Each structure stands twice: as structure tokens, then as C-alpha cells.
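Presented below is the structure to which this report refers.
First listed ligand is number 1; within each ligand, the first listed atom is number 1. Since the model is a prediction, treat every value here as computed from it, not as a measurement.
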Amino acid sequence: MNKKKLHIKTYGCQMNVYDSGKMSDVLADQGFENSDQMEESDLIILNTCHIREKAAEKMYSDLGRIKKIKDKRTKNDKDTIIAVAGCVAQAEGQEIIKRAPIVDIVVGPQTYHRLPQMVTNAQKAHSKYGLELDFAAEEKFDSFPQIKSVEGSKTTQSSAFVSIQEGCDKFCTYCVVPYTRGAEFSRSVKDVENEIKKLLDQGIKEIYLLGQNVNAYHGRGFELDKWSLGRLIEHIAKMDEVKRIRYVTSHPRDVDDELIAAHRDIDKLMPFLHLPLQAGSDRILKEMNRQHTVEHYMKIIDKFRDARPDMAFSSDFIVGFPGETEEEFLGTMRAVEQVRYASTYSFIYSPRPGTPAATYEDTVSLEEKKDRLQRLQALINECGKEFNQNSVGKIMPIMFDRQSKKDGQIAGSSPYLQPVHIDTNEPEKYMNKIINVRIDKAFPNSLHGIVVE
Ligand code: 5AD
Ligand code: SF4
């Protein structure tokens, strides 16, 4: 049988990358194989992000381009099904079809397991579109274990994502996630364990646990008890073939002693934490409904550093939140100075429809917002460079898992998520292995090293 072609374009966070993998898995059973060519695909899925306005607008401009592809294929008697998945689908629903009538399927993040049926329906009656926006997280995960392939979860040959938690109950006033991803849901330990075992059978060494609020994890254990993230990590670390464990994204409010102890006691747990602070002013944090102060955050950082002195951190920051004064912005700069993050993401505040902050008076001019972003990014880059520079001379275990762009080099990741390159004409000797490397050069976004035999 001739396989049908599927092209998935993924926007946004790692959770979307993971979900795209799962979508291609469920559709493989229906005879679809992945293609990186949109033009030759029978089914095109846009797995979208709604976190900031730009991300959502990108989808609409891509749909304009896809319309041309579809028209050309129709002329050649070829059918093309267009699906919009992800957070824009959840947030805008039917509106998408009104604005872009070429769309056949709109499917929210909790109903991907129903995609095969929706695709069949669209194939049968092409003029009819499908819409699935339930919050059916439990049903979704329950239907995944039947899937044979885990290809979609892999990020490299050595590393794979495993979603353990979805959704958010925090309702930060600027954020759409609680509306697009629904309430917090944790998978059971058994489910997580089963997925990890399949990945290990395929040679995966690094498990990257995913959740919108990953450290709010409270999945069912083997009895009727609830396990925290720290306890889950301890359990996963007992599997011999697991060599490295990472997790993302955490909320300061959900950091507990078990997680800090896990960083102290478990070598396989990488000494790196993405812990968004968002703003360095208590008033702004309150307006954002973050439910903690800057001081509380700094105490958490200190506790991690006490437990694991080489712990590295990254954060997200929003500049130009409604009402943010220059002095409040300088609080953000001071917080970055204090933590000296290894890496950081920063964004201009983008009002999102339906969120409380979208109704707040926007007092900061666009010019000012851009200026603040520029100043913050200059500082962030300085900290990143400093962090990389401090790595020179150190010996680090590097997990090699990819070719470098440069000929004669391969690349891997340091425990602190830095890309590390080595020169070698025997890539197979090091690939998919963790090897000690002495770092000899630092660049703004990567390191270079020499293998320590
Ligand atoms: N505007 C700008 N940035 C936002 N983020 C979330 N919502 C918004 C918004 N409305 C940022 C936060 C979050 C990251 C994933 O995206 O910093 O941690
Ligand atoms: Fe959004 Fe806040 Fe939930 Fe993070 S914790 S997903 S920023 S609402």
C-alpha cells in the first residue's frame, strides 16, 4: 500500500514537540508517514502556540501559504487535509475556520487520540470539518500506551521527552495556558514507567520529564498514594539504563524539600533548573498572581545551591507588564545580577485575549518595552558568556548525540545543557555515549573540548 504523507509543523514549547510526536504515532497506524515536504503531503498539521500574539499570527500567515499549496494540489487532483492543533485551536476553536476556511480539522491539545477518526471523516466528506476541544487528558494518555512506536518522543538518538504532567491551575494573570491546556493533570507512576521502559529499549539514555508545571506533579503511585516529582525522579533513577534525568518547567511555589534533596542525592539528576521568576518586583509579581516574592525565590535558589553547589539556573522574564515602572524593571535586572543565570528567555509582555491582565491599563510605551528588553538581554548574554567562560579548564561528562554543523566535529550536551563540540574522525566511537571532556574554549552559546582518554 502506498503510504500517505503527513507533515507536522510545530510551534512553541517542548510539550508541543512531544505532542507532535504522539500525533504522528497515532496516525502511523492509519498509514501516514512523516514527510518534511509540506508540498507533497496529504495531511498537514499545524501544532500551534498561543502564548504570545506573534506566535498565533505566525499560524495565520502560514495558512495563507498552505492555501496556495492546497490549490495547486487540487488542480492536480490531489486531496489535502489541513488540521490546526495545539493551543490556538483550543483558544479560538471555530473562529479559525471562519478566518481560514481551508482548515478541515481543529483539534485541542487534549484530544489528539481522536485525530484518526477526524481524519477519516474529513477524507470521507471533504467539505465537512471536525472540531474536538474537550479537556480529556486522562482519556488521551490512556490511549497512548497501545502505541507501538516511540519514535515521536525522541529529540535525539540519546534523549527523549516524557510528558508526566499537563495543564495549569496557577492562573498567572498574563497567561493563556490554564485556558488552553486545562486543569493540572498528572499521569500515574506506572504509566510514566511504561513509557520510559519503551524508550530505554530503543537505546535512549536521557529522560526529559515534561509538564507545564512539572514540579506540581502528584501522580498515583503503586498503592493509592500520590507521588511528588522528587519521589518519581528517585524511582526513575533506579532504572540502570537511565543515565540522565532532566525536567521542565517548574514553578517556585511548587518547589519542595524532596526535589531539593533529589538534586543533592541523585547523580543522574542533572544540576540544572529552569525556574521562571518573570519579574524582579514584588508588586509586579503580585499583579501577575505569581504567589511568591522575589525574596522567597532567592531563598529557593540558595537552597538548591546548598544542596548542589554547581547547580545552574535559567529563567523566563516578561518586560513591560502593564504598569511596570523603570524602578520595577531595574528590580528584574538586579535579580538577574544576583542569580547569574546560565541562560534566560525574555519577552515583551503581550496581552492575551481572555486573560485578566489584558484588561489592565497598558502604561508602558512600545519604545520603552523594546529598550527594557534590549537592556535585559544584554545582561542575560553577559551572564551566559560568563557561565560558559567559567567552564573552561573543567572536565565534564558530555552526552554525544548529534553531528555538528562543522565537518569533522560531533556535538553533545554538558550537564548544564551547554552544547559541547569535539573534533574527531571517529564519531561512532563517541556517539550515544557519555564521555569525559576537558573544556578548552568557550563561545557565547557553546563550548569546545578535548576527550579525556
Ligand atoms: N506575554 C509575554 N510573555 C508571556 N509568557 C507567558 N505569557 C506571556 C504573555 N502574555 C512567557 C512567560 C512564560 C513563558 C513560557 O512565556 O515568561 O514563562
Ligand atoms: Fe502560565 Fe503561570 Fe501556569 Fe506558567 S504557572 S503556565 S506562566 S499560568
Parallel, tilted or perpendicular: which fits the ring planes of Y174 and F321, with parallel below 30° and perpendicular above 60°?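 Answer is perpendicular, since the angle exceeds 60°.
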Give yes if a backbone or side-chain nitrogen or oxygen of R352 is under 3.5 Å from a nitrogen or oxygen of ligand 1, and no if not.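 Among all N and O atoms of R352, none is under 3.5 Å from an N or O of ligand 1.
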Looking at ligand 1, does any of its N/O atoms fall within less than 3.5 Å of an N/O of Q278?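 So ligand 1 has an N or O lying under 3.5 Å from an N or O of Q278.
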As an exercise, identify every atom of ligand 1 less than 4.0 angstrom from a heavy atom of [X].
X    : result
I318 : 3 (N), 4 (C), 5 (N), 12 (C), 17 (O)
R52  : 1 (N), 2 (C), 3 (N), 4 (C), 5 (N), 11 (C), 16 (O)
I51  : 5 (N), 6 (C), 7 (N), 8 (C), 9 (C), 10 (N), 16 (O)
S350 : 1 (N), 2 (C), 9 (C), 10 (N)

May I ask you to establish whether R99 and Y60 are in a cation-pi arrangement, using a distance under 6.0 Å from NZ or CZ to the six-membered ring centre and at most 45° from the ring axis?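 Judged by the rule, R99 and Y60 form a cation-pi pair.
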Centre of F347's six-membered ring, under 6.0 Å away, within 45 degrees of the axis: is that where NZ or CZ of R52 sits?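 The answer is yes, since R52 meets both limits relative to F347.
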Nearest-neighbour protein heavy atom for atom 14 (C) of ligand 1, which is reported as residue plus atom name and distance: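 That would be D316 OD2, 3.4 Å.
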Sorted by chain and residue number, which protein N/O/S atoms are under 2.8 Å from atom 2 (Fe) of ligand 2?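 Short answer, with waters excluded from the count: C172 SG.
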Tell me whether ligand 1 is touched by I348 - counting only heavy atoms on the residue side and a distance under 4.0 Å.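 Contact check I348 vs ligand 1: positive.
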How close do A56 and R352 get, counting heavy atoms only, and between which atoms?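 Taking every non-hydrogen atom into account, CB-NH2, 4.0 Å.
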Where is the tightest heavy-atom contact between V103 and I97, given as atom of each residue plus distance?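 Closest heavy-atom pair between V103 and I97: O-CG1, 4.0 Å.
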How about Q278 and D316: do any of their side-chain heavy atoms sit closer than 4.5 Å?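 Q278 reaches D316 side chain to side chain.
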Of the side chain and backbone of F347, name the one, both, or neither that has a heavy atom under 4.0 Å from an atom of ligand 1.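 The part of F347 near ligand 1 is the side chain, not the backbone.
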So, are D254 and K170 salt-bridged, with charged N and O less than 4.0 Å apart?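 A salt bridge links D254 with K170.
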Please round to the nearest 0.5 Å and tell me the distance separating atom CD1 of I318 and atom NZ of K369.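 I318 atom CD1 to K369 atom NZ measures 11.5 Å (nearest 0.5 Å).
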